[in-house]
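The residues of the chain are indexed from 1 along the displayed sequence. The figures that follow rest on heavy atoms only: side chains count, while hydrogens, waters and symmetry mates do not.
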Amino acid sequence: MTTDEMMVLLKSNPEVAQRFLELTNIKAKKLYVEQKHTHKIFVLQSEDKYRNGNWATHVIVDGKRKVVYRATEDKLYDFLFNFYQAQDMRHSTFNQVFDMYIEDKRNHGRSELTIKDYQRYINFIPTKIRSKELALITDTELRNWFVKDYLSKAPKKEAMKKMLQHLKAVFDFGMRKQICFANPALDLLAEDYFKYCDLTTRTNEERSFSRDDIEKLRKYALNDKNNPHAAMMLVAMETGLRAGELAALKYQDIEHDVIHVRRQQVIFFDIGSQTKRKWGDVEYTKNERTCPHDGRLVPITESCLKALMVAYELPGDSEYIFHHPDGKPVLKDSYLYYLRRRCKTLKIPISHNHAFRVAYNAKLIAAGIDGNDRCMVLGHSMQTNERHYSFGDKRRVEEIREKLNKLDSE
(Lines give C-alpha, C1' and ligand atoms only; values in the text may rest on other atoms or scores of the structure.)
Protein backbone atom coordinates (compact mmCIF):
# COMPACT_ATOMS: atom_id res chain seq x y z
CA MET A 1 0.00 0.00 0.00
CA THR A 2 1.37 3.39 -1.00
CA THR A 3 1.48 6.43 1.30
CA ASP A 4 -1.33 8.12 -0.65
CA GLU A 5 -3.52 5.03 -0.42
CA MET A 6 -2.84 4.87 3.34
CA MET A 7 -3.89 8.53 3.77
CA VAL A 8 -7.13 7.94 1.85
CA LEU A 9 -7.92 4.94 4.06
CA LEU A 10 -7.25 6.86 7.26
CA LYS A 11 -9.40 9.80 6.16
CA SER A 12 -12.30 7.61 5.08
CA ASN A 13 -12.34 5.33 8.13
CA PRO A 14 -12.18 7.05 11.57
CA GLU A 15 -11.91 3.72 13.41
CA VAL A 16 -8.88 2.64 11.37
CA ALA A 17 -7.35 6.10 11.86
CA GLN A 18 -7.82 5.90 15.64
CA ARG A 19 -6.25 2.42 15.80
CA PHE A 20 -3.34 3.59 13.64
CA LEU A 21 -2.76 6.50 16.01
CA GLU A 22 -2.84 4.18 19.04
CA LEU A 23 -0.31 1.80 17.48
CA THR A 24 1.94 4.71 16.53
CA ASN A 25 1.85 6.03 20.10
CA ILE A 26 2.62 2.58 21.53
CA LYS A 27 5.64 2.21 19.24
CA ALA A 28 6.88 5.70 20.11
CA LYS A 29 6.57 4.95 23.84
CA LYS A 30 8.53 1.72 23.49
CA LEU A 31 11.34 3.43 21.59
CA TYR A 32 11.52 6.15 24.28
CA VAL A 33 11.66 3.55 27.09
CA GLU A 34 14.30 1.46 25.31
CA GLN A 35 16.55 4.52 25.11
CA LYS A 36 16.24 5.13 28.86
CA HIS A 37 15.81 1.72 30.47
CA THR A 38 18.87 -0.48 31.06
CA HIS A 39 17.28 -3.24 33.15
CA LYS A 40 15.87 -6.49 31.83
CA ILE A 41 12.14 -6.74 31.16
CA PHE A 42 10.80 -10.25 31.71
CA VAL A 43 7.72 -12.36 32.32
CA LEU A 44 7.58 -13.38 35.98
CA GLN A 45 7.45 -17.09 36.84
CA SER A 46 6.23 -17.24 40.41
CA GLU A 47 4.43 -19.54 42.79
CA ASP A 48 2.32 -16.55 43.73
CA LYS A 49 -0.72 -16.97 41.49
CA TYR A 50 -1.36 -13.20 41.58
CA ARG A 51 2.13 -12.40 40.27
CA ASN A 52 2.69 -15.39 38.01
CA GLY A 53 2.66 -14.33 34.34
CA ASN A 54 3.05 -10.64 35.16
CA TRP A 55 5.56 -8.53 33.35
CA ALA A 56 8.33 -7.19 35.57
CA THR A 57 11.50 -5.10 35.64
CA HIS A 58 13.58 -2.95 38.00
CA VAL A 59 13.90 0.82 38.33
CA ILE A 60 16.12 2.99 40.50
CA VAL A 61 14.26 5.11 43.06
CA ASP A 62 16.29 7.30 45.47
CA GLY A 63 19.40 5.25 44.65
CA LYS A 64 17.75 1.93 45.44
CA ARG A 65 16.64 -0.82 43.09
CA LYS A 66 12.90 -1.42 43.10
CA VAL A 67 10.93 -4.16 41.33
CA VAL A 68 7.88 -3.14 39.29
CA TYR A 69 5.06 -5.50 38.25
CA ARG A 70 2.32 -4.97 35.68
CA ALA A 71 -0.29 -7.33 34.30
CA THR A 72 0.65 -6.82 30.64
CA GLU A 73 3.62 -5.70 28.60
CA ASP A 74 1.79 -2.59 27.38
CA LYS A 75 0.92 -1.56 30.95
CA LEU A 76 4.54 -2.01 32.04
CA TYR A 77 5.76 0.14 29.15
CA ASP A 78 3.15 2.78 30.05
CA PHE A 79 4.53 2.85 33.60
CA LEU A 80 8.14 3.10 32.41
CA PHE A 81 7.26 5.82 29.91
CA ASN A 82 5.63 7.97 32.63
CA PHE A 83 8.47 7.15 35.07
CA TYR A 84 11.26 8.32 32.74
CA GLN A 85 9.26 11.25 31.43
CA ALA A 86 8.83 12.47 35.02
CA GLN A 87 12.59 12.15 35.52
CA ASP A 88 13.27 14.14 32.37
CA MET A 89 10.83 16.82 33.48
CA ARG A 90 12.69 17.27 36.77
CA HIS A 91 15.62 18.59 34.74
CA SER A 92 13.45 20.99 32.74
CA THR A 93 14.70 24.56 32.43
CA PHE A 94 12.63 27.60 33.31
CA ASN A 95 11.96 28.13 29.59
CA GLN A 96 10.78 24.55 29.12
CA VAL A 97 8.46 24.75 32.11
CA PHE A 98 7.16 28.10 30.92
CA ASP A 99 6.31 26.52 27.55
CA MET A 100 4.39 23.77 29.38
CA TYR A 101 2.65 26.42 31.48
CA ILE A 102 1.62 28.34 28.35
CA GLU A 103 0.28 25.19 26.71
CA ASP A 104 -1.73 24.45 29.84
CA LYS A 105 -3.19 27.99 29.75
CA ARG A 106 -4.01 27.59 26.06
CA ASN A 107 -5.81 24.31 26.77
CA HIS A 108 -7.86 26.10 29.44
CA GLY A 109 -9.11 28.66 26.94
CA ARG A 110 -6.74 31.59 27.42
CA SER A 111 -6.72 33.86 24.37
CA GLU A 112 -3.57 34.27 22.32
CA LEU A 113 -3.44 37.95 23.24
CA THR A 114 -3.37 36.99 26.93
CA ILE A 115 -0.67 34.42 26.25
CA LYS A 116 1.37 37.05 24.39
CA ASP A 117 1.11 39.20 27.50
CA TYR A 118 2.56 36.34 29.62
CA GLN A 119 5.44 35.92 27.18
CA ARG A 120 6.18 39.65 27.09
CA TYR A 121 6.72 39.79 30.85
CA ILE A 122 8.77 36.60 31.04
CA ASN A 123 11.13 37.97 28.37
CA PHE A 124 12.37 40.50 30.95
CA ILE A 125 14.01 37.63 32.86
CA PRO A 126 17.63 37.20 31.72
CA THR A 127 18.63 34.19 29.60
CA LYS A 128 21.01 33.03 32.34
CA ILE A 129 18.05 32.32 34.62
CA ARG A 130 15.59 31.13 31.97
CA SER A 131 18.07 28.55 30.63
CA LYS A 132 18.72 27.10 34.09
CA GLU A 133 16.93 24.05 35.53
CA LEU A 134 13.84 25.27 37.33
CA ALA A 135 14.58 23.27 40.47
CA LEU A 136 18.06 24.84 40.77
CA ILE A 137 16.98 28.49 40.65
CA THR A 138 17.36 30.10 44.09
CA ASP A 139 15.52 32.92 45.82
CA THR A 140 18.82 34.85 46.10
CA GLU A 141 19.40 34.59 42.37
CA LEU A 142 15.91 35.86 41.61
CA ARG A 143 16.11 38.70 44.12
CA ASN A 144 19.47 39.89 42.77
CA TRP A 145 18.10 40.07 39.23
CA PHE A 146 14.81 41.65 40.32
CA VAL A 147 16.33 44.40 42.47
CA LYS A 148 19.53 45.19 40.57
CA ASP A 149 18.26 44.79 37.02
CA TYR A 150 14.48 44.90 36.68
CA LEU A 151 13.73 47.58 39.29
CA SER A 152 16.60 49.74 38.07
CA LYS A 153 14.45 50.48 35.00
CA ALA A 154 11.75 52.02 37.25
CA PRO A 155 8.79 49.98 35.94
CA LYS A 156 5.20 51.04 36.46
CA LYS A 157 3.67 49.65 39.65
CA GLU A 158 1.06 47.56 37.84
CA ALA A 159 3.68 46.18 35.45
CA MET A 160 5.88 45.15 38.37
CA LYS A 161 2.96 43.40 40.07
CA LYS A 162 2.18 41.50 36.87
CA MET A 163 5.81 40.50 36.48
CA LEU A 164 5.84 38.93 39.94
CA GLN A 165 2.47 37.32 39.37
CA HIS A 166 3.65 35.57 36.18
CA LEU A 167 7.00 34.62 37.74
CA LYS A 168 5.36 32.98 40.75
CA ALA A 169 2.81 31.23 38.54
CA VAL A 170 5.53 29.41 36.58
CA PHE A 171 7.08 28.04 39.77
CA ASP A 172 3.64 27.08 41.12
CA PHE A 173 3.01 25.17 37.89
CA GLY A 174 6.40 23.46 38.26
CA MET A 175 5.49 22.40 41.79
CA ARG A 176 2.18 20.94 40.61
CA LYS A 177 4.07 18.91 38.02
CA GLN A 178 6.69 17.90 40.65
CA ILE A 179 9.47 19.54 38.63
CA CYS A 180 10.48 21.66 41.61
CA PHE A 181 9.50 21.47 45.28
CA ALA A 182 9.60 25.13 46.32
CA ASN A 183 8.71 28.54 44.90
CA PRO A 184 11.75 30.81 45.30
CA ALA A 185 9.75 33.84 44.12
CA LEU A 186 7.33 33.78 47.06
CA ASP A 187 9.44 36.14 49.16
CA LEU A 188 9.32 38.82 46.45
CA LEU A 189 6.36 40.84 47.74
CA ALA A 190 5.15 43.60 45.42
CA GLU A 191 4.38 46.06 48.22
CA ASP A 192 8.02 45.95 49.37
CA TYR A 193 9.18 47.43 46.06
CA PHE A 194 6.57 50.07 45.18
CA LYS A 195 9.02 52.82 46.14
CA TYR A 196 11.30 51.77 43.26
CA CYS A 197 8.53 52.05 40.67
CA ASP A 198 7.52 54.90 38.43
CA LEU A 199 4.37 56.05 40.24
CA THR A 200 3.50 58.85 37.83
CA THR A 201 0.31 58.39 35.83
CA ARG A 202 -0.91 60.01 32.68
CA THR A 203 -4.07 62.05 33.06
CA ASN A 204 -7.07 61.05 31.01
CA GLU A 205 -6.54 64.23 28.99
CA GLU A 206 -3.05 63.04 28.07
CA ARG A 207 -4.54 59.74 26.87
CA SER A 208 -6.97 61.41 24.47
CA PHE A 209 -6.71 63.05 21.08
CA SER A 210 -7.27 66.78 21.36
CA ARG A 211 -9.76 68.56 19.12
CA ASP A 212 -6.87 69.82 17.00
CA ASP A 213 -5.48 66.27 16.71
CA ILE A 214 -8.85 64.95 15.55
CA GLU A 215 -9.23 67.70 12.97
CA LYS A 216 -5.76 66.97 11.58
CA LEU A 217 -6.60 63.26 11.31
CA ARG A 218 -10.00 64.01 9.79
CA LYS A 219 -8.46 66.23 7.12
CA TYR A 220 -5.85 63.60 6.28
CA ALA A 221 -8.47 60.85 6.06
CA LEU A 222 -10.74 62.86 3.77
CA ASN A 223 -7.81 63.22 1.37
CA ASP A 224 -7.36 59.42 1.42
CA LYS A 225 -11.00 58.39 0.87
CA ASN A 226 -10.32 55.26 -1.18
CA ASN A 227 -8.29 53.80 1.68
CA PRO A 228 -10.48 51.68 4.00
CA HIS A 229 -8.15 52.44 6.92
CA ALA A 230 -8.95 56.13 6.54
CA ALA A 231 -12.68 55.41 6.57
CA MET A 232 -12.24 53.37 9.76
CA MET A 233 -10.45 56.28 11.37
CA LEU A 234 -13.30 58.66 10.48
CA VAL A 235 -15.94 56.35 11.99
CA ALA A 236 -13.75 55.72 15.08
CA MET A 237 -13.66 59.41 15.95
CA GLU A 238 -17.47 59.68 15.66
CA THR A 239 -18.39 56.50 17.58
CA GLY A 240 -15.60 55.55 20.00
CA LEU A 241 -15.67 51.97 18.68
CA ARG A 242 -12.74 49.69 19.51
CA ALA A 243 -10.42 48.68 16.65
CA GLY A 244 -11.63 45.06 16.68
CA GLU A 245 -15.26 46.22 16.65
CA LEU A 246 -14.63 48.50 13.66
CA ALA A 247 -12.93 45.70 11.70
CA ALA A 248 -15.89 43.34 12.28
CA LEU A 249 -18.60 45.87 11.46
CA LYS A 250 -21.03 44.71 8.73
CA TYR A 251 -23.75 46.47 6.73
CA GLN A 252 -26.37 44.43 8.57
CA ASP A 253 -25.25 46.17 11.78
CA ILE A 254 -26.53 49.55 10.56
CA GLU A 255 -30.09 49.68 11.88
CA HIS A 256 -31.93 52.89 11.01
CA ASP A 257 -30.22 55.59 13.08
CA VAL A 258 -28.00 53.36 15.24
CA ILE A 259 -24.99 51.05 14.86
CA HIS A 260 -25.53 47.65 16.47
CA VAL A 261 -22.09 46.71 17.83
CA ARG A 262 -22.15 42.96 18.57
CA ARG A 263 -18.92 41.34 17.37
CA GLN A 264 -15.18 41.88 17.19
CA GLN A 265 -12.26 40.67 15.11
CA VAL A 266 -9.73 38.45 16.94
CA ILE A 267 -6.70 36.29 16.17
CA PHE A 268 -7.04 32.51 16.01
CA PHE A 269 -3.91 30.35 16.24
CA ASP A 270 -3.71 26.86 14.79
CA ILE A 271 -3.72 24.20 17.50
CA GLY A 272 -0.17 23.51 18.65
CA SER A 273 1.27 26.45 16.72
CA GLN A 274 2.27 29.93 17.88
CA THR A 275 2.99 31.21 14.36
CA LYS A 276 0.21 29.95 12.08
CA ARG A 277 -2.60 32.39 12.73
CA LYS A 278 -5.66 33.81 11.06
CA TRP A 279 -8.16 36.55 11.77
CA GLY A 280 -11.83 35.92 12.38
CA ASP A 281 -14.93 37.29 14.08
CA VAL A 282 -16.49 36.31 17.39
CA GLU A 283 -20.08 37.20 18.22
CA TYR A 284 -19.36 39.26 21.31
CA THR A 285 -17.53 42.46 22.19
CA LYS A 286 -14.64 42.83 24.63
CA ASN A 287 -16.82 43.49 27.68
CA GLU A 288 -19.26 40.68 26.76
CA ARG A 289 -16.81 37.77 26.55
CA THR A 290 -18.13 36.13 29.73
CA CYS A 291 -21.72 37.40 29.54
CA PRO A 292 -22.91 38.06 25.95
CA HIS A 293 -26.08 40.16 25.73
CA ASP A 294 -26.34 41.01 22.03
CA GLY A 295 -23.98 43.95 22.00
CA ARG A 296 -24.80 47.63 22.33
CA LEU A 297 -26.25 50.48 20.27
CA VAL A 298 -24.29 53.56 19.22
CA PRO A 299 -26.21 56.55 17.81
CA ILE A 300 -25.54 57.65 14.23
CA THR A 301 -25.16 61.42 14.38
CA GLU A 302 -24.93 63.64 11.31
CA SER A 303 -21.12 63.61 11.60
CA CYS A 304 -21.13 59.84 11.97
CA LEU A 305 -23.34 59.46 8.89
CA LYS A 306 -20.86 61.51 6.83
CA ALA A 307 -18.06 59.19 8.00
CA LEU A 308 -20.11 56.11 7.11
CA MET A 309 -20.83 57.51 3.67
CA VAL A 310 -17.08 57.58 3.00
CA ALA A 311 -16.97 53.89 3.88
CA TYR A 312 -20.00 53.10 1.68
CA GLU A 313 -18.17 54.52 -1.34
CA LEU A 314 -15.12 52.27 -0.93
CA PRO A 315 -14.35 50.29 -4.12
CA GLY A 316 -15.34 46.60 -4.15
CA ASP A 317 -18.23 44.59 -2.70
CA SER A 318 -18.30 43.02 0.74
CA GLU A 319 -20.55 42.28 3.70
CA TYR A 320 -18.03 44.25 5.77
CA ILE A 321 -18.23 48.03 5.90
CA PHE A 322 -14.43 48.45 5.89
CA HIS A 323 -12.99 46.29 3.14
CA HIS A 324 -10.38 46.11 0.41
CA PRO A 325 -11.30 46.17 -3.29
CA ASP A 326 -11.29 42.34 -3.33
CA GLY A 327 -13.98 42.33 -0.61
CA LYS A 328 -11.75 41.10 2.21
CA PRO A 329 -12.21 42.90 5.55
CA VAL A 330 -9.54 45.23 6.87
CA LEU A 331 -7.45 43.58 9.57
CA LYS A 332 -7.38 45.25 12.97
CA ASP A 333 -3.57 45.27 13.09
CA SER A 334 -3.23 46.92 9.67
CA TYR A 335 -5.65 49.66 10.73
CA LEU A 336 -3.69 50.28 13.95
CA TYR A 337 -0.47 50.43 11.94
CA TYR A 338 -2.04 52.98 9.58
CA LEU A 339 -3.17 55.09 12.52
CA ARG A 340 0.29 55.03 14.11
CA ARG A 341 1.92 56.10 10.83
CA ARG A 342 -0.55 58.94 10.31
CA CYS A 343 -0.03 60.23 13.85
CA LYS A 344 3.73 60.14 13.35
CA THR A 345 3.41 62.02 10.05
CA LEU A 346 1.18 64.66 11.64
CA LYS A 347 3.42 64.89 14.75
CA ILE A 348 0.60 63.81 17.07
CA PRO A 349 2.14 62.30 20.26
CA ILE A 350 -0.66 59.80 20.87
CA SER A 351 -1.13 57.06 18.26
CA HIS A 352 -3.64 54.47 19.45
CA ASN A 353 -7.33 53.97 18.67
CA HIS A 354 -8.21 54.09 22.38
CA ALA A 355 -7.60 57.84 22.28
CA PHE A 356 -10.68 58.16 20.05
CA ARG A 357 -12.75 56.44 22.75
CA VAL A 358 -11.56 58.83 25.46
CA ALA A 359 -12.23 61.83 23.22
CA TYR A 360 -15.69 60.49 22.29
CA ASN A 361 -16.54 60.08 25.97
CA ALA A 362 -15.55 63.72 26.57
CA LYS A 363 -17.86 64.70 23.73
CA LEU A 364 -20.71 62.79 25.40
CA ILE A 365 -20.02 64.63 28.66
CA ALA A 366 -20.02 67.99 26.91
CA ALA A 367 -23.41 67.08 25.43
CA GLY A 368 -24.78 66.46 28.94
CA ILE A 369 -25.02 62.65 28.63
CA ASP A 370 -25.07 61.05 32.09
CA GLY A 371 -22.66 58.33 33.24
CA ASN A 372 -24.99 55.37 32.74
CA ASP A 373 -25.76 56.35 29.15
CA ARG A 374 -22.08 56.94 28.40
CA CYS A 375 -21.27 53.45 29.68
CA MET A 376 -24.07 51.98 27.55
CA VAL A 377 -22.74 53.63 24.37
CA LEU A 378 -19.05 52.91 25.01
CA GLY A 379 -19.58 49.40 26.33
CA HIS A 380 -17.92 49.29 29.75
CA SER A 381 -18.71 49.66 33.45
CA MET A 382 -19.38 52.90 35.31
CA GLN A 383 -16.22 52.34 37.37
CA THR A 384 -14.10 52.02 34.21
CA ASN A 385 -15.70 55.10 32.71
CA GLU A 386 -15.00 57.29 35.71
CA ARG A 387 -11.46 55.98 36.20
CA HIS A 388 -10.17 56.10 32.64
CA TYR A 389 -12.42 58.20 30.44
CA SER A 390 -14.03 61.16 32.17
CA PHE A 391 -11.47 63.92 31.76
CA GLY A 392 -14.14 66.02 30.05
CA ASP A 393 -15.60 66.82 33.47
CA LYS A 394 -12.56 69.07 34.08
CA ARG A 395 -13.60 71.26 31.18
CA ARG A 396 -16.85 72.02 32.99
CA VAL A 397 -15.27 73.19 36.26
CA GLU A 398 -15.99 76.83 35.45
CA GLU A 399 -19.65 76.07 34.84
CA ILE A 400 -19.85 74.11 38.10
CA ARG A 401 -18.16 76.93 40.01
CA GLU A 402 -20.63 79.45 38.65
CA LYS A 403 -23.56 77.27 39.63
CA LEU A 404 -22.21 76.85 43.19
CA ASN A 405 -21.62 80.61 43.52
CA LYS A 406 -25.18 81.23 42.39
CA LEU A 407 -26.48 78.76 44.96
CA ASP A 408 -24.41 80.36 47.74
CA SER A 409 -25.68 83.84 46.90
CA GLU A 410 -29.33 82.86 47.17
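Under a 3.5 Å cut-off, the side chain of D281 and the backbone N or O of A247 do not form any donor-acceptor pair. Panel note: side chain R357, backbone L378; a donor-acceptor pair is recorded below 3.5 Å.
Using a 4.0 Å cut-off between a side-chain N of Lys or Arg and a carboxylate O of Asp or Glu, K177 and E103 do not qualify as a salt bridge. Using a cutoff of 4.0 Å between basic side-chain nitrogens and carboxylate oxygens, R120 and D117 are scored as salt-bridged.
Atom CG of L186 sits about 10.5 Å away from atom CG of L142, to the nearest 0.5 Å. Taking CG from L331 and NE2 from H324, the interatomic distance works out to 6.0 Å, rounded to the nearest 0.5 Å.
Contact of the L164 side chain with the M160 side chain is registered, since non-hydrogen atoms from C-beta on lie closer than 4.5 Å. Between R263 and D253 there is a side-chain heavy-atom pair separated by less than 4.5 Å. For the pair T114 and R106, the minimum side-chain heavy-atom distance is 4.5 Å or more.
In terms of the side chain to side chain contact (heavy atoms under 4.5 Å, CB included) criterion, residue partners of N223 (sequence neighbours excluded) are, by chain and number, K219. With sequence neighbours excluded, no residue forms a salt bridge (Lys or Arg N to Asp or Glu O under 4.0 Å) with R70.
The number of heavy atoms from other shown groups lying within 6.0 Å of CD (E302) does not exceed 12.
Ring-plane geometry between Y338 and Y220 is classed as perpendicular, the angle between the planes exceeding 60 degrees on a 0 to 90 degree scale with a lower cut at 30.
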Evaluation steps, side-chain contact (heavy atoms from CB on, under 4.5 Å), between F146 and Y193: CA-CA 10 Å; F146 187 72; Y193 301 101; 3.7 Å; yes
Evaluation steps, side-chain contact (heavy atoms from CB on, under 4.5 Å), between Y77 and E73: CA-CA 6 Å; Y77 270 97; E73 182 184 21; 3.6 Å; yes
